[in-house]
Number of protein chains: 2
Amino acid sequence: MSEPFGQYLRQKRETLLKQDRAYTVRKFAATVGVQPSYISKVEREEVGPPSEATIIRMAEVLHEDPDVLLALAGKVSADLRQVILKRPRLFADLIRQLKDAPDHALLRVVREVRDGQW
Amino acid sequence: MSEPFGQYLRQKRETLLKQDRAYTVRKFAATVGVQPSYISKVEREEVGPPSEATIIRMAEVLHEDPDVLLALAGKVSADLRQVILKRPRLFADLIRQLKDAPDHALLRVVREVRDGQW
DNA sequence: CATGACGTATACTGTTTAGTATACAGCCAT
DNA sequence: ATGGCTGTATACTAAACAGTATACGTCATG
């Protein structure tokens, strides 16, 4: 149940670094808007994952899906939370119901709703 | 966008108090396992809502749905979070898709999944 | 061979979270 | 008129969160 946020971040950043010098710890930190030492500590998991806002800026810079990066940090993005909090009973039921549903079932529901026949 | 957790708690507790003396601030606090002064402050919104664990104990004592009480505090319960975090992309899509769906549509999805024709 | 750029070690900080502990004033019944 | 129960005021706290600021040793290179 560990949080491999740091490892994942480092791997992703280093992969991009191979093709683009803008992804050194220092440059990446500057682009994200934090100190290089902080990036270093986060990647080595000397400290926990950053705040939601910082993770979202990181996702932009890394061209990553913010929901995925947030998930690695154990967080659910604020906009999703708002949706759930407005109708907690319905969404709680739904999510628990879907807990063990296979991926294709979820995808089917997503498509059904998108192509909305309500 | 305020958080009426305190108001709600007070109203609920006082309603129960009318029928059962176990719901004074002091007795309720003792049952939940916190100090009376803390309950008082929470109810008057002098401080923010309690931790998830404390809210869940409150919900038990009040015979309330914990998801609802947590929602009033702006929190999503840990078990729900885990479900989302395991498949962030799928659940993020799904939840955003369902954001503006009417209640009856959500209920339909819940039923469809429960009666599982996957 | 020194001058940058690199990642990291070290020390420190303000803010938020989630409460505790104690004391106090008002009321009500005996 | 006092003992006991109310709710609340006041002061304090330990731990976690989310970083900053600076200095250091290493390496490559021009």
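We name chains A, B, ... by the order of the sequence lines, and we start the count at 1 in each one. For clarity, every value in this text was computed on a predicted model and none was experimentally measured.
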Whole angstroms only, please: what is the [atom1]-[atom2] distance between [X] and [N]?
{"X": "B:Met58", "N": "C:dA18", "atom1": "CE", "atom2": "C1'", "answer": "11 Å"}
{"X": "B:Tyr38", "N": "D:dT13", "atom1": "OH", "atom2": "P", "answer": "19 Å"}
{"X": "A:Tyr23", "N": "C:dC6", "atom1": "OH", "atom2": "C1'", "answer": "18 Å"}
{"X": "B:Ile39", "N": "C:dA18", "atom1": "CD1", "atom2": "P", "answer": "14 Å"}
{"X": "B:Glu52", "N": "C:dG19", "atom1": "CD", "atom2": "P", "answer": "12 Å"}
{"X": "A:Ile55", "N": "D:dC17", "atom1": "CD1", "atom2": "P", "answer": "12 Å"}
{"X": "A:Glu45", "N": "C:dG7", "atom1": "CD", "atom2": "C1'", "answer": "17 Å"}
{"X": "B:Glu43", "N": "C:dA18", "atom1": "CD", "atom2": "P", "answer": "18 Å"}

Side-chain donor/acceptor contact of A:Thr54 with base of D:dA18 under 3.5 Å: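 Such a pair does not exist between side chain and base.
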Nearest to side-chain heavy atoms of [X], which nucleotide of [options]:
{"X": "A:Pro36", "options": "C:dC6, C:dT8, D:dG7", "value": "C:dT8"}
{"X": "B:Lys41", "options": "D:dT20, C:dT8, C:dG19", "value": "C:dG19"}
{"X": "A:Lys27", "options": "C:dT20, C:dC6, C:dG7", "value": "C:dC6"}
{"X": "A:Glu46", "options": "C:dG19, D:dT20, C:dT10", "value": "C:dT10"}
{"X": "A:Ser51", "options": "C:dT20, C:dG19, D:dG19", "value": "D:dG19"}

For [N], does either OP1 or OP2 sit under 4.0 Å from a side-chain N or O belonging to [X]?
{"X": "B:Ser40", "N": "D:dA9", "answer": "no"}
{"X": "A:Thr24", "N": "C:dA5", "answer": "no"}
{"X": "B:Lys75", "N": "C:dA18", "answer": "yes"}
{"X": "B:Arg21", "N": "D:dT6", "answer": "no"}
{"X": "A:Gln35", "N": "D:dG19", "answer": "no"}
{"X": "B:Arg13", "N": "D:dT6", "answer": "no"}
{"X": "A:Arg57", "N": "D:dA18", "answer": "no"}

Categorize [X] for me: base, sugar-phosphate, or nothing, with a 4.0 angstrom heavy-atom threshold over every strand shown.
{"X": "B:Arg44", "answer": "sugar-phosphate"}
{"X": "A:Val47", "answer": "nothing"}
{"X": "B:Ser37", "answer": "base"}

When you look at B:Glu43 and B:Glu14, which way does the side chain to side chain contact (heavy atoms under 4.5 Å, CB included) test go after all the steps? CA-CA 11 Å; B:Glu43 289 191 352; B:Glu14 289 189 336; 5.6 Å; no
From CA spacing to verdict: side chain to side chain contact (heavy atoms under 4.5 Å, CB included), B:Val61, B:Tyr23: CA-CA 9 Å; B:Val61 178; B:Tyr23 290 93; 3.9 Å; yes
Determine the sole option in A:Leu69, A:Leu62, A:Leu17 for which the side-chain contact (heavy atoms from CB on, under 4.5 Å) test with A:Lys12 is passed.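 Result for side-chain contact (heavy atoms from CB on, under 4.5 Å) with A:Lys12: A:Leu62.
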Is a side-chain N or O of A:Glu52 found less than 3.5 angstrom from the main chain of A:Leu70, in a donor-acceptor match?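 No; zero donor-acceptor contacts below 3.5 Å.
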Shortest non-hydrogen contact from B:Ala92 to A:Asp67?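 B:Ala92 and A:Asp67 have their closest heavy atoms at CB-OD2, 3.4 Å.
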Salt-bridge criterion met for A:Arg96 and B:Asp79 (N-O under 4.0 Å):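 Salt bridge present between A:Arg96 and B:Asp79.
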Where each residue is assigned the nucleotide of DNA chain D containing its nearest heavy atom, which of B:Arg26 and A:Gly33 is assigned the position nearer the 5′ end?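 That would be B:Arg26.
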